[in-house]
Number of protein chains: 4
Amino acid sequence: MSEKVRRRLPRQVREQQIIDAGMQVFSKRGYHAAVVDEIADLAGISKPMVYLYFGSKEGLFIACIRREGERLTEEFQGAAREGHGAEAQLWAGLTAFFTFVAGHRDGWVVLYRQAPEVGGEVAAEVTRQRSSVMAAVTGLVASSSPGGASEEAEFVAHALVGAADSLTDWMERHPGESPERVTLRLMNMVWIGMRSALRGEVWTPPSGEGA
Amino acid sequence: MSEKVRRRLPRQVREQQIIDAGMQVFSKRGYHAAVVDEIADLAGISKPMVYLYFGSKEGLFIACIRREGERLTEEFQGAAREGHGAEAQLWAGLTAFFTFVAGHRDGWVVLYRQAPEVGGEVAAEVTRQRSSVMAAVTGLVASSSPGGASEEAEFVAHALVGAADSLTDWMERHPGESPERVTLRLMNMVWIGMRSALRGEVWTPPSGEGA
Amino acid sequence: MSEKVRRRLPRQVREQQIIDAGMQVFSKRGYHAAVVDEIADLAGISKPMVYLYFGSKEGLFIACIRREGERLTEEFQGAAREGHGAEAQLWAGLTAFFTFVAGHRDGWVVLYRQAPEVGGEVAAEVTRQRSSVMAAVTGLVASSSPGGASEEAEFVAHALVGAADSLTDWMERHPGESPERVTLRLMNMVWIGMRSALRGEVWTPPSGEGA
Amino acid sequence: MSEKVRRRLPRQVREQQIIDAGMQVFSKRGYHAAVVDEIADLAGISKPMVYLYFGSKEGLFIACIRREGERLTEEFQGAAREGHGAEAQLWAGLTAFFTFVAGHRDGWVVLYRQAPEVGGEVAAEVTRQRSSVMAAVTGLVASSSPGGASEEAEFVAHALVGAADSLTDWMERHPGESPERVTLRLMNMVWIGMRSALRGEVWTPPSGEGA
DNA sequence: TATGAATGAGCATTCATTCAT
DNA sequence: GATGAATGAATGCTCATTCAT
């Protein structure tokens with residue numbers, strides 16, 4: 001039990017509370033190590049409620065993944081719509097995306113760092129949400145590059161998402177850096193090459209002697 | 001039991017066999033979902049042997065992480081040493097790195113996709129190995145950019161490692177692409193920006209007005 | 001919820017509805033495997049109503065047993081009263097008894113095939129109702145045999161009841177047979193011997209050689 | 001833990017011990033109310049052993065049913081083989097059967113008084129064993145009646161088994177009666193009618209008019 | 001060296017039962 | 001009178017770990 005205990009909440013509210021608690025615990029411990037008791041405690045309810053609302057630990061996990069995936073997609077797509085012009089949209093979208101990844105560690109961790117240990121129904125939903133996120137990023141990238149092949153855009157999206165993911169670790173050791181500033185640095189590093197990559201241009205590696 | 005059962009092997013060989021089995025199971029199932037019985041079976045020995053050699057499941061996992069981290073570092077540093085000239089070294093090192101990541105899914109997964117669910121001793125070793133890997137990449141990047149600040153190099157290294165990680169997923173859906181070719185595409189995308197990023201040059205995002 | 005939901009029914013009607021539902025579920029699943037939720041659902045009410053009316057699952061089960069035991073006793077005693085003369089009464093009673101057993105599987109199952117799994121209050125009521133049924137059958141048997149010892153009649157009653165019970169299984173695989181016909185067959189098999197048994201006559205088993 | 005604890009027993013012995021304990025608990029409590037802990041305790045082992053040997057509570061129950069069904073069948077068929085001549089065989093077999101039922105309450109209860117509450121795999125095995133027992137009795141009955149239709153024999157077998165079952169209750173209240181003596185009484189009651197029943201002879205119930 | 005036998009501890013899940021409305 | 005919301009208390013099952021041989 002935490003804080004002020006409010007009993008008899010409407011179903012919808014309780015559901016969100018439980019998902020909130022689930023997100024925390026799942027992201028901190030991982031799916032298997034997460035214990036339903038802890039989630040229930042954190043949500044300020046008893047264990048059976050979790051099962052009443054979500055049917056199983058797996059069911060709760062799926063609900064968590066779904067909500068977080070949808071939030072992520074919506075959030076950065078919303079941001080993208082704000083921009084005027086393809087480039088500005090891409091910029092705004094990626095900033096939002098990065099901000100989200102940096103600011104919602106829990107959600108991101110659950111979505112992107114729990115893959116191998118889960119199976120069955122869960123794996124399907126994880127895949128679905130990830131695809132959805134990746135598709136959104138890919139779409140954003142593609143739209144900023146009129147004639148670009150979609151395969152190129154997909155490649156770029158994967159690289160960007162992976163970089164963003166990894167940079168959240170970097171950020172943890174550089175607390176001064178704001179997500180915006182990290183986005184800026186990443187964009188600086190990638191922007192030019194990305195444009196030419198999307199145009200299909202190929203650069204040749206330097207051969208030290210013969211390599 | 002797998003294949004031909006060879007009894008009374010020297011300690012060193014047994015150890016490696018068990019680690020091999022551990023890598024497979026840990027990477028397939030994740031640390032918690034991995035069951036020691038399965039590992040023992042796969043290694044063709046009985047469970048108590050695992051405990052005799054590694055003390056605990058955690059001990060085995062640490063051994064796995066250590067071996068894999070060292071292998072990864074060594075492999076791509078060895079490759080880097082082959083190149084002549086800073087750029088060529090970076091290129092060779094990153095190719096080796098990428099090839100390793102793509103070709104040793106098991107090792108990579110265990111090292112880089114199991115973080116949140118483990119704690120204690122394990123977390124320390126994971127951090128240590130990851131840092132070691134990251135330091136090697138950072139060093140490679142830094143050495144190719146004489147005057148670059150190390151913070152910049154670290155940033156670039158994180159971005160590269162993350163991108164490489166994520167692109168292994170992309171590769172799974174594009175079986176035709178060789179690691180070399182993926183490296184080439186990634187380098188194309190990053191090379192120019194990376195150089196200027198390392199020089200501390202800052203590019204300004206497009207404003208919403210003019211695309 | 002089943003059918004049309006009728007609210008605000010008088011207590012007596014509700015009670016019977018709940019017992020009806022209880023009989024179905026208890027007989028289908030057994031006492032322990034029966035779930036109060038299912039009973040409430042089937043009765044078209046909410047779970048707390050069950051507790052309001054019967055206090056506990058056990059209370060409901062006792063009510064079920066009681067009603068069914070009384071019905072069974074009454075039904076076949078009523079039939080017995082119709083007959084003129086001791087033999088005819090026995091015949092009519094046993095036919096009614098058998099018809100009941102065959103036609104009210106639910107009730108019979110609850111009364112006669114749930115013994116070992118229940119305890120406490122329930123066991124007492126089960127015993128009471130069974131004794132009552134058995135006493136009625138015994139009485140019927142005894143009255144048809146003027147001078148017979150009551151112990152003989154009790155023995156015969158047990159045999160008859162057990163046979164009838166078991167034959168309900170047989171009937172399930174011979175759907176063409178009516179309860180009347182099965183009664184006839186059973187009576188054929190037992191009638192003569194029963195009379196002499198009640199008279200205390202003893203027959204000696206055949207000795208194959210010496211047995 | 002009971003009595004002297006003997007550890008490290010060979011698998012076969014432990015298995016039988018666990019089944020013994022299972023029989024006791026299942027027959028006393030019924031399948032659902034039986035608690036695996038109690039069974040393990042009674043067997044003098046820890047719960048995981050039960051699961052190691054039988055996989056699940058259901059698995060243990062199936063093992064119990066199987067062993068008891070086979071024992072019952074074998075025992076009374078063995079006895080039947082002793083007799084010389086059809087009648088004597090029937091007599092010997094039925095005595096053995098009855099003796100078994102009376103003497104192995106546990107086994108009998110588990111086999112014949114747990115039907116409705118179990119489902120799935122268990123139900124199948126229960127059905128199989130019961131059929132096997134019933135088939136053996138039917139065979140015995142049929143063989144004593146050369147030209148009898150098998151349907152008649154089956155009918156008679158059901159009646160006999162049911163009567164025997166029910167009479168075990170009667171015996172509990174008449175401790176002085178030996179199984180042999182009860183068998184004798186039952187045979188007395190049934191023998192003559194059974195023979196004519198097997199011949200297909202039909203007797204007509206007394207009409208209400210003349211007694 | 002190597003293992004079959006055994007277990008303590010924990011976890012997901014269920015269910016009879018009770019409030020607060 | 002009637003119920004949606006909530007829970008304490010079990011219970012089946014698993015797994016890392018350890019003896020005894």
Side-chain angles (χ1 to χ4, degrees), chain A residues 1 5-11 13-14 32-40 43-60, chain B residues 5 7-11 14 32-40 44-60, chain C residues 5 7-11 14 32-40 44-61, chain D residues 5-11 13-14 32-40 43-60:
Chain A
M1 306 282 172
V5 182
R6 226 187 297 272
R7 297 174 179 253
R8 311 259 148 203
L9 291 180
R11 190 169 186 114
V13 180
R14 267 284 132 88
H32 278 101
V35 170
V36 178
D37 272 289
E38 189 181 353
I39 296 172
I45 53 164
S46 71
K47 210 172 8 171
M49 287 299 287
V50 175
Y51 287 87
L52 184 62
Y53 281 60
F54 298 95
S56 68
K57 185 185 179 181
E58 198 174 303
L60 172 58
Chain B
V5 182
R7 297 177 179 252
R8 312 247 160 208
L9 291 179
R11 185 168 188 115
R14 265 283 135 87
H32 277 101
V35 170
V36 178
D37 273 288
E38 190 182 352
I39 297 171
I45 54 165
S46 72
K47 215 176 359 175
M49 289 297 287
V50 176
Y51 286 86
L52 184 63
Y53 279 63
F54 298 95
S56 68
K57 183 186 181 183
E58 200 174 300
L60 172 57
Chain C
V5 182
R7 298 179 177 249
R8 312 245 160 211
L9 291 180
R11 186 169 187 113
R14 267 283 135 88
H32 277 100
V35 170
V36 178
D37 273 287
E38 190 181 352
I39 297 172
I45 55 165
S46 71
K47 214 173 4 172
M49 288 299 286
V50 176
Y51 286 86
L52 183 63
Y53 279 61
F54 298 96
S56 67
K57 183 185 180 182
E58 201 174 301
L60 172 57
F61 191 58
Chain D
V5 182
R6 226 188 298 271
R7 298 174 177 252
R8 311 257 148 205
L9 292 180
R11 190 169 186 113
V13 180
R14 267 284 132 88
H32 278 101
V35 171
V36 178
D37 272 290
E38 189 181 354
I39 296 172
I45 54 163
S46 69
K47 207 173 9 171
M49 288 300 287
V50 176
Y51 287 87
L52 184 62
Y53 282 58
F54 298 96
S56 67
K57 184 184 180 182
E58 199 174 302
L60 172 58

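Predicted model only: the values in this text are computed from it and were never measured.
Whole-Å rounding puts the C:M49 CE to F:dG1 P distance at 8 Å. Distance NE2 (B:H32) to P (E:dG10): 13 Å, rounded to an integer number of Å. Rounded to whole angstrom, the span from the CD1 atom of B:I45 across to the P atom of E:dT1 amounts to 12 Å. Between the NZ atom of D:K57 and the C1' atom of E:dT14 there is a distance of 13 Å, rounded to whole Å. Computed from coordinates, the C:F61 CZ to E:dA16 P distance equals 13 Å when rounded to whole Å. Per the geometry, OH belonging to D:Y53 stands 13 Å off C1' belonging to E:dT7, to the nearest Å. To the nearest angstrom, C1' of F:dG12 lies 9 Å from CG of D:D37.
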Which nucleotides of DNA chain F pair, in dot-bracket form (Watson-Crick or G-U under 3.5 Å, | meaning another strand)
.||||||||||||||||||||
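For C:Y53, the side-chain contact (heavy atoms from CB on, under 4.5 Å) partners at least two apart in sequence or on another chain are C:R11, C:R14, C:E15, C:I18, C:M49.
Comparing B:V35 and D:V36 by the nucleotide of DNA chain F whose heavy atom lies nearest to each, the residue mapping closer to the 5' end is D:V36. Map C:G55 and D:R11 each onto its nearest nucleotide of DNA chain E; the residue landing nearer the 5' end is D:R11. Both B:A34 and D:E58 lie close to DNA chain F; mapped to their nearest nucleotides by heavy-atom distance, the more 5′-ward contact belongs to D:E58.
Distances were taken from every side-chain heavy atom of C:L52 (C-beta onward) to each of E:dA6, E:dT7, F:dG1; the shortest belongs to F:dG1. Relative to the side chain of A:P48, the nucleotides F:dT3, E:dT13, E:dT14 differ in distance, and E:dT14 lies closest.
Looking at heavy-atom distances under 4.0 Å, A:F54 makes no contact with the nucleic acid at all.
Between B:H32 and B:K57, the closest heavy-atom pair is O-NZ, 3.4 Å. Contact record, B:Y51 with B:V36: OH-CG2, 3.7 Å, taken as the closest heavy-atom pair. The two residues B:S46 and B:A40 have their closest heavy-atom pair at C-CB, 4.0 Å.
An OP1 or OP2 oxygen of F:dA6 is reached within less than 4.0 angstrom by a side-chain nitrogen or oxygen of A:R14. Listed pair D:Y51 / E:dT7 fails the phosphate criterion, with no side-chain N or O lying under 4.0 Å from OP1 or OP2.
Scanning atom types as modelled, one donor and one acceptor separated by under 3.5 angstrom connect the side chain of A:K47 and the base of E:dT13.
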